[in-house]
**Student:** 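Right, I'll just put the structure down here and ask away after.
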Amino acid sequence: MTATYSTSVFQPGIFNNRVVFCTGGAGTICRRQVEALVILGANAVIVGRKKEVTEKAAAEIQQLRNGSKVIGLSVDVRHYKALQEAVARTVEEFGKIDYIICGAAGNFLADFRNLSSNAFKSVVDIDLLGSYNTVKAAQDQLIQNKGTVIFVSATLHYYGVPFQSHVGAAKAGIDALSNALAVELGPFGVRFNCIAPGPIDGTEGISRLLPKGMKERARKSVPLQRFGTIDDVANATVFLFSPASSFITGATIVVDGAAWHTGQQITLPYPESILDSDELRFASPSKSKL
């Protein structure tokens, strides 16, 4: 993972005087998305459940550009009122919100037979309900400023992926939400798109979803023969917020090197891994930061 985002592809200052509001902003992928926007001129508010982690990340991001301002707020996206207060704080500090990244998420491997209703609900509440709550809380700002929203989705629901029924259901809902809002709020000038990352190196997702010894096999299953980087996702983010994408809405940009087309997103043997799932010792939901 590179230390900072490179601006060599995009023109410096293209996001001057813009404000981005990002949920999950202290996470590996979303943090790099915000870093890219700040380096290119934006100011930002990042929200996360852990106060110290979020505030520390905000302070570090702020150092990437002289004169930038980045605020970290402790917010649980499952609570609509908390998001309303975070949006109000953002408008108080910056006067507006131009861009939103809905990136708060939870994931862990779990076979359906051992997946509790509460664990399933937790992921749907964080990913899908959290995305809805974020956009709902900021809808006035989005309409007033003809804003743009990016949902961080996935490709896990493009076909049946074992041990990911909870995440696949949540991400499918996010895609449907994005498509509906693109049509419903399009007449107000608001754009909605999804970015669906595949295997991104150096992320918690890779460490959780690829059991030990499976990483090299997974890399070889990617047609481009490498894992993605967080900069790959950040570049897609910059494009979708830039004027270059002004006529793109209701779309999903898949950043996965065509990996999902190979049908090997979880590199465990099938059906043996299903039949022997009790012996795989998956991480429990309690360890998934839900």
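In this chain, numbering begins with 1 at the start of the sequence shown. Keep in mind that the numbers below use all heavy atoms, side chains included, and drop hydrogens, waters and symmetry copies.
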**Student:** side-chain contact (heavy atoms from CB on, under 4.5 Å) for Ile71 and Thr90? Distances and angles first, verdict last.
**Tutor:** CA-CA 8 Å; Ile71 297 173; Thr90 303; over 6 Å; no

**Student:** Rounded at 0.5 Å granularity, tell me how far CG in Asn235 sits from CD1 in Ile253.
**Tutor:**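 Output value for this atom pair is 12.5 Å.
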
**Student:** Mark yes or no for whether Arg226, through its side chain, and Gly257, through its backbone, hold a donor-acceptor pair below 3.5 Å.
**Tutor:**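 The answer is no, because no donor-acceptor pair under 3.5 Å joins these two groups.
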
**Student:** Give the cluster check for Val45 versus Val53: same hydrophobic cluster or not, with ILVMFWY residues linked at side-chain heavy-atom distances below 4.5 Å.
**Tutor:**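 Cluster IDs for Val45 and Val53 differ.
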
**Student:** In Å, rounded to the nearest 0.5 Å, how long is the span from SG of Cys194 to CG of Asn179?
**Tutor:** 6.5 Å

**Student:** To the nearest 0.5 angstrom, please state how far the CG atom of Leu83 sits from the OG1 atom of Thr134.
**Tutor:** 4.5 Å

**Student:** When you measure from the side chain of Ser245 to the backbone N and O of Leu240, does any donor-acceptor pair fall under 3.5 Å?
**Tutor:**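 Looks like yes, one N/O pair under 3.5 Å.
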
**Student:** If the threshold is 4.0 Å, N to carboxylate O, is there a salt bridge linking Arg89 and Glu92?
**Tutor:**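 A salt bridge is absent here (no side-chain N lies under 4.0 Å from a carboxylate O).
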
**Student:** Can you confirm whether Met214 sits close enough to Arg217 that some side-chain heavy atom of one is under 4.5 Å from a side-chain heavy atom of the other?
**Tutor:** yes

**Student:** Does the side chain of His157 pick up a donor-acceptor pair with the side chain of Asp175 at under 3.5 Å?
**Tutor:** yes

**Student:** Please determine whether side-chain contact (heavy atoms from CB on, under 4.5 Å) holds for the pair Val149 and Leu142, giving the CA-CA distance in whole Å, both sets of side-chain angles, and the decisive distance to 0.1 Å.
**Tutor:** CA-CA 8 Å; Val149 177; Leu142 289 169; 3.7 Å; yes

**Student:** Start with the C-alpha gap between His166 and Phe112, add the side-chain angles, then the distance that decides, and say whether ring pair (Phe, Tyr, Trp, His ring centres under 6.0 Å) holds.
**Tutor:** CA-CA 9 Å; His166 47 312; Phe112 182 78; 10.0 Å; no

**Student:** Answer yes or no: does atom NZ of Lys96 have more than 12 heavy-atom neighbours from other residues, nucleotides or ligands under 6.0 Å?
**Tutor:** yes

**Student:** Determine, stepwise, if the pair Arg191 / Lys146 fulfils side-chain contact (heavy atoms from CB on, under 4.5 Å).
**Tutor:** CA-CA 8 Å; Arg191 295 190 298 119; Lys146 298 186 184 300; over 6 Å; no

**Student:** Indicate yes or no for a side-chain donor-acceptor contact from Lys171 to the backbone of Val152 under 3.5 Å, with no hydrogens or angles considered.
**Tutor:**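 It does hold such a pair.
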
**Student:** Answer yes or no: is there a side-chain heavy-atom contact under 4.5 Å between Phe108 and Phe163?
**Tutor:**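 Of all side-chain heavy-atom pairs linking Phe163 with Phe108, none is under 4.5 Å.
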
**Student:** Can you confirm whether the side chains of Gln164 and Asn107 place a donor and an acceptor under 3.5 Å from each other?
**Tutor:** yes

**Student:** Would you say Gln33's side chain and Thr237's backbone share a donor-acceptor pair under 3.5 angstrom?
**Tutor:**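 Here the side-chain-to-backbone pair does not exist.
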
**Student:** Does the side chain of Ser153 come within less than 4.5 Å of Thr252's, by heavy atoms?
**Tutor:**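 Not in contact.
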
**Student:** What is the minimum heavy-atom distance between Pro199 and Val222, and which atoms define it?
**Tutor:**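 Reported closest heavy-atom pair: CG-CG2, 4.0 Å.
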
**Student:** Would you kindly confirm whether Val9 and Val238 end up in one hydrophobic cluster when ILVMFWY residues are joined by side chain heavy atoms under 4.5 Å apart?
**Tutor:** yes

**Student:** Looking only at non-hydrogen atoms, find the nearest pair between Phe241 and Ile100 and report the distance.
**Tutor:**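 Minimum heavy-atom contact is CZ-O, 3.6 Å.
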
**Student:** Atom CD1 in Ile195, atom CD1 in Ile101: separation rounded to 0.5 Å?
**Tutor:**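 Reported to 0.5 Å precision, the distance equals 7.5 Å.
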
**Student:** Would a distance-only check, ignoring hydrogens and angles, find a side-chain to backbone donor-acceptor pair under 3.5 Å from Thr23 to Gly103?
**Tutor:**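 Checking the backbone N and O of Gly103 against the side chain of Thr23, a donor-acceptor pair under 3.5 Å is found.
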
**Student:** Look up atom CD1 in Ile150 and atom SG in Cys30, then write down how far apart they are to the nearest 0.5 Å.
**Tutor:** 10.0 Å

**Student:** So, Lys215 and Asp201, do they make that salt bridge, N to O below 4.0 Å?
**Tutor:** yes

**Student:** Does a sphere of radius 6.0 Å around CD in Glu52 hold more than 12 heavy atoms from other residues, nucleotides or ligands, not counting ones at 6.0 Å or beyond?
**Tutor:**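 Atom CD in Glu52 is not packed in, count stays at 12 or less.
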
**Student:** Looking at Arg32 and Asp232, does any basic side-chain N land under 4.0 Å from a carboxylate oxygen?
**Tutor:** no

**Student:** Hey, is the main chain of Ala234 close enough, under 3.5 Å, to the side chain of Asp231 for a donor-acceptor pair?
**Tutor:**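 No, because the side chain of Asp231 does not come within donor-acceptor range (under 3.5 Å) of the backbone of Ala234.
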
**Student:** Determine whether Asn133 and Lys136 make a side-chain contact, defined as any pair of heavy atoms from C-beta on separated by less than 4.5 Å.
**Tutor:**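 A side-chain contact under 4.5 Å is absent here.
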
**Student:** Which atoms form the tightest heavy-atom contact between Val87 and Ala138, and what is the distance?
**Tutor:**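 Heavy atoms only, the tightest pair is CG2-CB, 4.1 Å.
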
**Student:** To the nearest 0.5 angstrom, please state how far the CD1 atom of Ile46 sits from the CZ atom of Phe21.
**Tutor:** 10.5 Å

**Student:** Flag yes if Val135 and Val183 sit in one hydrophobic cluster, no otherwise; membership is Ile, Leu, Val, Met, Phe, Trp, Tyr, and two members link when side-chain heavy atoms are under 4.5 Å apart.
**Tutor:**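 No; Val183 is not reachable from Val135 via cluster members.
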
**Student:** I'd like to know if Arg49 and Asp76 make a salt bridge, using a cut-off of under 4.0 Å between side-chain N and carboxylate O.
**Tutor:**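 Salt bridge between Arg49 and Asp76, a charged N being under 4.0 Å from a carboxylate O: yes.
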
**Student:** Without swapping roles, check the side chain of Arg18 against the backbone of Gly41 for a donor-acceptor pair under 3.5 Å.
**Tutor:** no

**Student:** So which atom in Ala44 and which in Val34 form the shortest heavy-atom distance, rounded to 0.1 Å?
**Tutor:**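 For Ala44 versus Val34, the nearest heavy atoms are CB-CG1, 3.7 Å.
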
**Student:** Determine whether more than 12 heavy atoms belonging to other residues, nucleotides or ligands lie under 6.0 Å from atom CD of Gln84.
**Tutor:**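 Count over threshold, so yes.
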
**Student:** Taking all heavy atoms of Ser131 and all of Ile174, pick out the closest pair and write down the distance.
**Tutor:** OG-CD1, 3.8 Å

**Student:** Any chance you could lay out the side-chain contact (heavy atoms from CB on, under 4.5 Å) test for Leu73 and Thr54, step after step, and finish with the verdict?
**Tutor:** CA-CA 7 Å; Leu73 301 176; Thr54 304; 5.8 Å; no

**Student:** Flag yes if more than 12 heavy atoms outside Tyr80 fall under 6.0 Å of its OH atom; otherwise flag no.
**Tutor:**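 Counting other residues, nucleotides and ligands, OH of Tyr80 exceeds 12 neighbours.
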
**Student:** Examine distances only and state if a side-chain atom of Asp256 and a backbone atom of Pro197 form a donor-acceptor pair shorter than 3.5 Å.
**Tutor:**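 Judged by distance alone, no pair lies under 3.5 Å.
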
**Student:** Within 45° of the axis and under 6.0 Å from the centre of the six-membered ring of Phe94, does NZ or CZ of Lys69 qualify?
**Tutor:** yes

**Student:** Check whether any side-chain N or O of Thr148 sits under 3.5 Å from a backbone N or O of Tyr99 as a donor-acceptor pair, and report yes or no.
**Tutor:**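 Checking the backbone N and O of Tyr99 against the side chain of Thr148, no donor-acceptor pair under 3.5 Å is found.
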
**Student:** Is Thr28 reaching over with its side chain to a backbone N or O of Thr203, donor-acceptor style, under 3.5 angstrom?
**Tutor:** no

**Student:** Which pair of non-hydrogen atoms, one from Gly250 and one from Asn193, has the smallest distance, and what is that distance?
**Tutor:**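 Heavy atoms only, the tightest pair is N-OD1, 3.3 Å.
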
**Student:** Would you say Val233 ends up clustered with Ile248 if hydrophobic residues are merged whenever their side chains have heavy atoms under 4.5 Å apart, either directly or through other cluster members?
**Tutor:**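 Yes, it is one cluster - the side chains of Ile248 and Val233 are joined through contacts under 4.5 Å.
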
**Student:** Any ion pair linking Lys51 and Glu55 (charged N to carboxylate O, less than 4.0 Å)?
**Tutor:**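 Between Lys51 and Glu55 there is a salt bridge, with a charged N closer than 4.0 Å to a carboxylate O.
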
